[in-house]
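Structure first, then comments.
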Number of protein chains: 2
Amino acid sequence: MHATEISPLTKKLAAFVALSDGDLAVLARLHQKRRSFGAGREMVHEGETEQSAYILAKGWVCSYKLQPDGTRQIIDFQIPGDFLGLRSVLLRTSDHSFEPIVDILAAEVPKKDLLEAFTNTPRLATAILWVASRDEAMVVEHLVRLGSRDASKRMAHFLLELGARLTLVGLGSKSGYACPLRQYHLADALGLSSVHVNRVLRDLREAGLVSFRDGQVKFLDYAGLVKLAGFYTAYLDETGPLLL
Amino acid sequence: MHATEISPLTKKLAAFVALSDGDLAVLARLHQKRRSFGAGREMVHEGETEQSAYILAKGWVCSYKLQPDGTRQIIDFQIPGDFLGLRSVLLRTSDHSFEPIVDILAAEVPKKDLLEAFTNTPRLATAILWVASRDEAMVVEHLVRLGSRDASKRMAHFLLELGARLTLVGLGSKSGYACPLRQYHLADALGLSSVHVNRVLRDLREAGLVSFRDGQVKFLDYAGLVKLAGFYTAYLDETGPLLL
DNA sequence: CCTGCGTCCTGATCTCGATCAGTAAGACCG
DNA sequence: CGGTCTTACTGATCGAGATCAGGACGCAGG
């Protein structure tokens with residue numbers, strides 16, 4: 001990536017906070033150490049202590065927890081512009097594992113650099129903390145999805161949330177987005193069997209709401225889908241920053 | 001409460017971090033403004049921006065989100081020693097509502113005091129951030145509960161987690177604890193109907209594992225319950241602090 | 001005293017989604 | 001080229017848990 005190209009993270013932050021030239025410079029510096037990981041290889045194992053966080057530049061990752069009985073629950077997906085292991089660096093704890101869904105490209109951010117950035121550019125620091133807080137809000141919403149919505153609402157809500165997130169970094173729109181997930185990813189995330197995921201997707205497609213095919217999510221009736229899902233974006237686009 | 005009495009929060013922090021006299025003094029000061037709230041009255045409404053956080057001293061609170069269709073999903077319960085609205089103060093956002101389950105007593109912590117404490121006693125600040133991080137880990141675990149465990153495992157796991165949390169502040173033990181929750185609280189938290197909650201509780205009681213009656217949770221076979229639930233405490237007792 | 005309400009509890013029925021079983025179509029590989 | 005793997009898809013059956021309906025009990029207020 002050239003210095004002139006805008007990183008997804010920068011794009012995301014800029015949507016909510018006015019960043020100074022200094023902030024932008026620091027942000028660019030955090031993106032320097034590029035690393036790639038192959039699809040399927042576990043990156044951080046649950047319980048490990050990491051000394052680096054990553055900013056995802058390209059590709060998708062999922063974070064999950066394995067159960068004693070072998071089933072896995074996907075907690076969240078990370079898309080370009082998202083942090084990986086931010087909390088585990090700041091707080092020396094990691095309570096779930098990460099796995100790249102496709103080959104990914106990420107910027108490694110050593111603990112030291114991150115802490116430096118925090119002290120030198122407090123405005124950037126709050127912006128990053130705000131991002132972390134937004135991630136937590138998404139986890140809470142995911143919890144609500146699992147606890148009190150049926151299969152098709154879960155699916156609809158989830159696909160809409162992903163769309164909103166991708167749109168923020170320029171990878172999606174109200175008409176759809178490219179999506180490397182398999183049906184079993186959806187199953188593990190939404191607490192359904194992949195058989196049922198398949199049926200729900202067919203139902204939604206036949207109802208003319210959304211199609212999930214060949215790595216493409218296409219919104220056929222955005223408004224209808226929003227209504228079915230009860231999708232309110234308040235938890236995603238809390239306006240602006242904050243001060244610490 | 002007298003200055004000599006140890007607050008639940010102090011007890012909790014002390015279990016993980018060695019606090020200096022200075023830390024303890026600041027912590028005591030944060031506990032000064034006492035306020036009480038009646039059971040059932042909503043404290044913070046979803047979407048509101050609050051200028052104060054609270055440290056719960058006595059009683060139980062639940063945080064929840066309401067769905068368009070009227071059902072509510074309980075995100076978490078707060079017990080003595082827990083923060084209320086910590087994130088909403090630090091980040092000017094609140095994405096769920098709070099409701100006292102019984103009459104409660106809480107210490108109001110104005111934003112200003114909290115920020116002061118953060119700058120003056122960094123060690124205490126990290127301890128508090130660590131507490132926030134632990135709360136988030138519990139939300140994630142709750143998500144896993146909802147996504148990939150059946151009703152009785154959910155219940156067993158939940159009752160065990162509550163027990164572990166209460167034990168940390170001296171309100172519980174491996175033999176049980178006082179619990180003001182109603183069966184419908186369990187239902188709203190675990191994504192079950194209260195009818196089914198009732199049945200599951202009966203089953204667990206008749207299996208000689210745990211009883212939930214008259215405001216008392218009694219562990220009849222702790223080891224057996226742990227085994228049934230697949231209850232691992234790693235996410236609760238990450239050792240020690242951290243540095244920021 | 002009765003009345004009404006909230007909570008606990010139980011039985012009967014129905015339904016959503018899991019599980020089992022199997023087909024079909026690529027992709028990769030020797 | 002045939003084999004093996006992964007993924008998508010469909011039908012049949014089964015079961016966990018929702019829903020409906022109603023009863024028992026304690027408690028507050030008239």
Side-chain angles (χ1 to χ4, degrees), chain A residues 38-41 60 62 67 69-74 99-103 145-158 179-207 210-218 228, chain B residues 38-40 60 62 67 69-73 99 101-103 145-158 179-207 210-218 228-229:
Chain A
R41 240 192 25 174
W60 294 39
C62 70
Q67 298 294 106
D69 65 8
T71 63
R72 77 167 171 182
Q73 176 65 48
I74 292 182
E99 182 185 294
I101 287 167
V102 293
D103 291 350
R145 259 198 302 260
L146 294 178
S148 49
R149 286 200 257 260
D150 66 20
S152 48
K153 282 184 185 166
R154 274 185 224 181
M155 183 66 73
H157 194 278
F158 174 77
C179 174
L181 301 182
R182 301 291 161 185
Q183 295 189 354
Y184 59 74
H185 288 121
L186 299 178
D188 285 353
L190 301 178
L192 302 169
S193 69
S194 45
V195 175
H196 201 59
V197 163
N198 184 287
R199 273 188 256 271
V200 168
L201 287 175
R202 173 165 52 71
D203 292 348
L204 290 175
R205 190 179 346 113
E206 287 176 356
V210 62
S211 91
F212 180 97
R213 284 207 143 154
D214 307 318
Q216 280 295 127
V217 171
K218 287 182 187 136
L228 169 68
Chain B
W60 293 39
C62 71
Q67 299 294 106
D69 65 9
T71 62
R72 78 167 170 179
Q73 176 64 48
E99 182 186 292
I101 287 167
V102 292
D103 292 350
R145 259 198 301 259
L146 294 178
S148 48
R149 285 201 258 260
D150 66 19
S152 47
K153 281 184 185 166
R154 275 185 223 181
M155 182 65 74
H157 194 278
F158 173 77
C179 175
L181 301 182
R182 302 289 160 185
Q183 294 189 354
Y184 58 75
H185 287 121
L186 299 178
D188 285 353
L190 301 178
L192 301 169
S193 68
S194 45
V195 174
H196 202 59
V197 163
N198 185 287
R199 274 189 254 270
V200 168
L201 287 175
R202 174 164 51 73
D203 292 348
L204 290 175
R205 189 178 348 111
E206 288 176 355
V210 62
S211 92
F212 180 98
R213 283 206 144 153
D214 308 318
Q216 279 296 127
V217 172
K218 288 183 188 134
L228 168 68

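The shown structure was predicted, so the numbers you read here are calculated from the model rather than taken from an experiment. In what follows, every chain begins at residue 1, and chains take the letters A, B, ... in the order their sequences are listed. Excluded from the calculations below are hydrogen atoms, water molecules and symmetry mates; all remaining heavy atoms, backbone and side chain alike, are included.
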Can you give one letter per nucleotide of nucleotides 21-27 of chain C, going 5' to 3': B for a protein heavy atom under 4.0 Å from the base, S for sugar-phosphate only, - for none?
-------
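In this structure, A/Asp150 atom CG and C/dA18 atom P are separated by 12 Å, rounded to whole Å. A straight line from CG of A/Asp203 to P of C/dG17 spans 10 Å, rounded to a whole angstrom. In this structure, A/Leu190 atom CG and C/dG17 atom P are separated by 11 Å, rounded to whole Å. One can place CD of B/Gln216 at 15 Å from P of C/dC8, the figure rounded to the nearest angstrom. To the nearest angstrom, C1' of C/dC9 lies 16 Å from OH of B/Tyr184. In this structure, the CD atom of B/Gln183 is 11 Å from the P atom of C/dT7, given to the nearest Å. Going from atom CG of A/Leu146 over to atom P of C/dC16 covers 19 Å, rounded to whole Å. Rounding to whole angstrom units, NE2 of residue A/His196 and P of C/dT15 are separated by 15 Å.
Side-chain nitrogen and oxygen atoms of B/Arg213 include at least one within less than 4.0 Å of the OP1 or OP2 phosphate oxygen of C/dC9.
The backbone N or O of A/Gln73 sits nowhere less than 3.5 Å from a side-chain atom of A/Asp188 that would complete a donor-acceptor pair. No donor-acceptor pair closer than 3.5 Å links the side chain of A/Asp103 to the backbone N or O of A/Gly38.
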Donor-acceptor pairs under 3.5 angstrom involving side-chain atoms of residues 197-206 of chain B: please list them, not counting sequence neighbours.
unit_1: B/Asn198; atom_1: ND2; unit_2: B/Gln183; atom_2: OE1; d: 3.1

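Contact footprint of chain B on DNA chain D: nucleotides with an atom under 4.0 Å from a non-hydrogen protein atom, first to last in 5' to 3' order, D/dG17 to D/dC20.
The shortest side-chain heavy-atom distance between B/Cys62 and B/Arg72 falls under the 4.5 Å cut-off. Inter-residue side-chain proximity for A/Phe158 and A/Arg149 is flagged as unmet; no heavy-atom pair is nearer than 4.5 Å. You'll find the side chain of B/Val210 reaches within 4.5 Å of the side chain of B/Val217, heavy atoms only.
B/Tyr184 and B/Ser194 get closest at one heavy-atom pair: CA-CB, 4.3 Å. Closest of all the heavy-atom pairs between A/His196 and A/Leu192 is CD2-CD2, 4.3 Å. For the pair A/Arg154 and A/Leu190, the tightest heavy-atom approach, listed with the atom from each and the gap, is NH1-O, 2.6 Å.
Residues meeting the salt bridge (charged side-chain N to carboxylate O under 4.0 Å, His left out) test with A/Arg145, sequence neighbours left out: A/Glu161. Partners of B/Asp214 by side chain to side chain contact (heavy atoms under 4.5 Å, CB included), not counting sequence neighbours: none found.
Both B/Arg199 and B/Arg182 lie close to DNA chain C; mapped to their nearest nucleotides by heavy-atom distance, the more 5′-ward contact belongs to B/Arg182.
Rounded to 10 degrees, the angle between the two end axes of the helix from C/dC1-D/dG30 to C/dG30-D/dC1 is 30°, with five pairs used at each end.
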